[in-house]
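Here is the naming used below: chain letters follow the sequence lines, and residue numbers restart at 1 for every chain.
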Amino acid sequence: MAVEDLWRLFDIIGTLAFAVSGALVGISRRMDIFGISVLALATAVGGGMVRDVLVGITPPMALRDTTNFLLSVGVALATSFLYQWTALHRMRRQRLLTIFNVSDTIGLAAFTITGALTGVRVGGDDSYVLPILLAATTAVGGGMIRDVLAQRMPVVLYAEVYAAASLVGAFVFCALRFTLGVEADSWLAFLLVLMIRFAAIHWNWSLYHPRPPKRHRDGEMEE
Amino acid sequence: MAVEDLWRLFDIIGTLAFAVSGALVGISRRMDIFGISVLALATAVGGGMVRDVLVGITPPMALRDTTNFLLSVGVALATSFLYQWTALHRMRRQRLLTIFNVSDTIGLAAFTITGALTGVRVGGDDSYVLPILLAATTAVGGGMIRDVLAQRMPVVLYAEVYAAASLVGAFVFCALRFTLGVEADSWLAFLLVLMIRFAAIHWNWSLYHPRPPKRHRDGEMEE
Amino acid sequence: MAVEDLWRLFDIIGTLAFAVSGALVGISRRMDIFGISVLALATAVGGGMVRDVLVGITPPMALRDTTNFLLSVGVALATSFLYQWTALHRMRRQRLLTIFNVSDTIGLAAFTITGALTGVRVGGDDSYVLPILLAATTAVGGGMIRDVLAQRMPVVLYAEVYAAASLVGAFVFCALRFTLGVEADSWLAFLLVLMIRFAAIHWNWSLYHPRPPKRHRDGEMEE
């Protein structure tokens, strides 16, 4: 598979997955069908627009081509109707959270790959730094935009091993790309990000929290 | 009127209108005169800076020219003083909300036109996709920045037919530009966005909300 | 000292200072060590990435070089451990707020200088507008990203003389650069921003607030 097709494949996987995650957040915020579509769209194309602007690809792909736009809005409509017309809205909170986590994680992994591939194209074949940092920025960007717009604490700030999963995947991608070839390497890194993040969710990896004193509560540093 | 002058005219209309909307949000958040100015400025020039960066016009117009900077700060000061010294602060909540909606809608319509004109200039005379998507991004960008900074739910996510009004206006602009000429076409699209959005506010167009179950409340999907 | 070295020096000062401020906000939000690192990183490199993208330096420095990335994560880890293992977490709220204000102000002043130096390089030796506006955008950008991600009201919107301190510093930098030479001028402007902001904090400069009526409470303009 040509690198362009591979890039496009992961771009579509990430767009679909992030659109689902954005639509679910919109539904949980009781938005109407337009709000849900805008949030799905911002989540799905936001990270990629940031990626393109950061490396000077202007106008970004998402503004030159309606595919991702239509895909995102289609996913938003489909998710909304499925939510009401099927058993989805009778699911327990935990199940909905699982669907959200799965779609968010697939988006994270897929955009890690598109970011790394773009970084290699812009930075040159032997570059490490740009592909890894661009991969992580692209991967966490869409979810960050979704959460900031929907006034939630961004997943990347509270989730177990989120940006770190993307960084590890991008590093492995860069380290093995000449050994495995770009195609096999992309799939390996994609699966690795998925596995790390799912493991972190499943075993609820508990990380070091600097212990705040009892009286030091949320937001108390505000003036 | 030359296209440059037309662009500049709508840029100034949008800047003034969005500055008013930003200043009103700042006042309603009890900010001081500096905070109100910064919020008015971010609202008024934010969308245009995003537009310019997206199509590779760097540095963006707003950083090369102090006109919009001074206009925004002037509007912020004037709005603040009018608020206190006139009957404005004795108005009922509903009236203030109306002033906010009018200024926000004029900004939306005016930046739809500057975005579409910029998209045509960058994308070529026969382009449709870039002008329409850039118009909507420019138009909703300023309000999004305003609302995210002021910690409000962004208007674009809850308002009736907001981004959609901009998309329709931009589509009509693109479809009729060769028939009507750019100047008449710009004014037609501007008025169309205004009318669609005001109609949506006035008749409180009720859109499809996927019905969430009772126990599925705001934010409950947070981990 | 060459202008490049001077730029780099202020870039490192600002990165370290903003990383401390981001880490403190993360700790006060009870984030784990990954969340704290991401927030410190976004604060420390965010403003500079916005600056580079605005003037068309793509990919931005922060994605081409791991120094600032590693510095920010190192500062986040060090701040977290110091917080727990030393007397830091037993400090009174007021003391922690002071450390936050000092680091945030040093970051503001240092990024004012890197923004102004970049503006002069891009805009030409006799430019005023671009260096001043770019300086203020760079200086307030990192803190804005930090506060939006952490769901706090951005400092720039409520603080006494924050963006204004940066604008004054940048103006003095531009006015005196041929008289004093770039190096002395940079340090003078840096100290000036520090002094203005610290004076505003210390004497709690009370600015004009348009007085909202009693019944006009926070957020009541929401629909």
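- The shortest non-hydrogen separation linking A/Gln151 to B/Met153 is OE1-N, 3.2 Å.
- Using a 4.5 Å cut-off between heavy atoms, B/Val129 contacts chain A through both its backbone and its side chain.
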Solution key, residues 33-44 of chain A side-chain donor-acceptor pairs under 3.5 Å, sequence neighbours excluded:
from	atom 1	to	atom 2	distance (Å)
A/Ser37	OG	A/Ile33	O	2.8
A/Thr43	OG1	A/Leu39	O	2.7

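- Atom CE of A/Met49 is separated from atom OG1 of B/Thr137 by 5.0 Å, given to the nearest 0.5 angstrom.
- Atoms CG and OG1, from B/Leu130 and A/Thr66 in turn, are 12.0 Å apart once rounded to the nearest 0.5 Å.
- By the side chain to side chain donor-acceptor pair (under 3.5 Å) test, A/Asp147 pairs with A/Arg152, sequence neighbours left out.
- Counting non-hydrogen atoms of other residues, nucleotides and ligands closer than 6.0 Å to CZ of B/Phe171 gives a total of 12 or fewer.
- Along residues 108-121 of chain B, no residue comes nearer than 4.5 angstrom to chain A, judged on non-hydrogen atoms.
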Next on the checklist: Working note: A/Phe69 + B/Leu167, criterion side-chain contact (heavy atoms from CB on, under 4.5 Å); need CA distance, chi angles, decisive distance, verdict.
Outcome noted: CA-CA 12 Å; A/Phe69 179 89; B/Leu167 284 172; 3.9 Å; yes
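- Below 4.5 Å, heavy atoms of chain A meet heavy atoms from B/Val53, B/Leu54, B/Val55, B/Gly56, all part of residues 50-65 of chain B.
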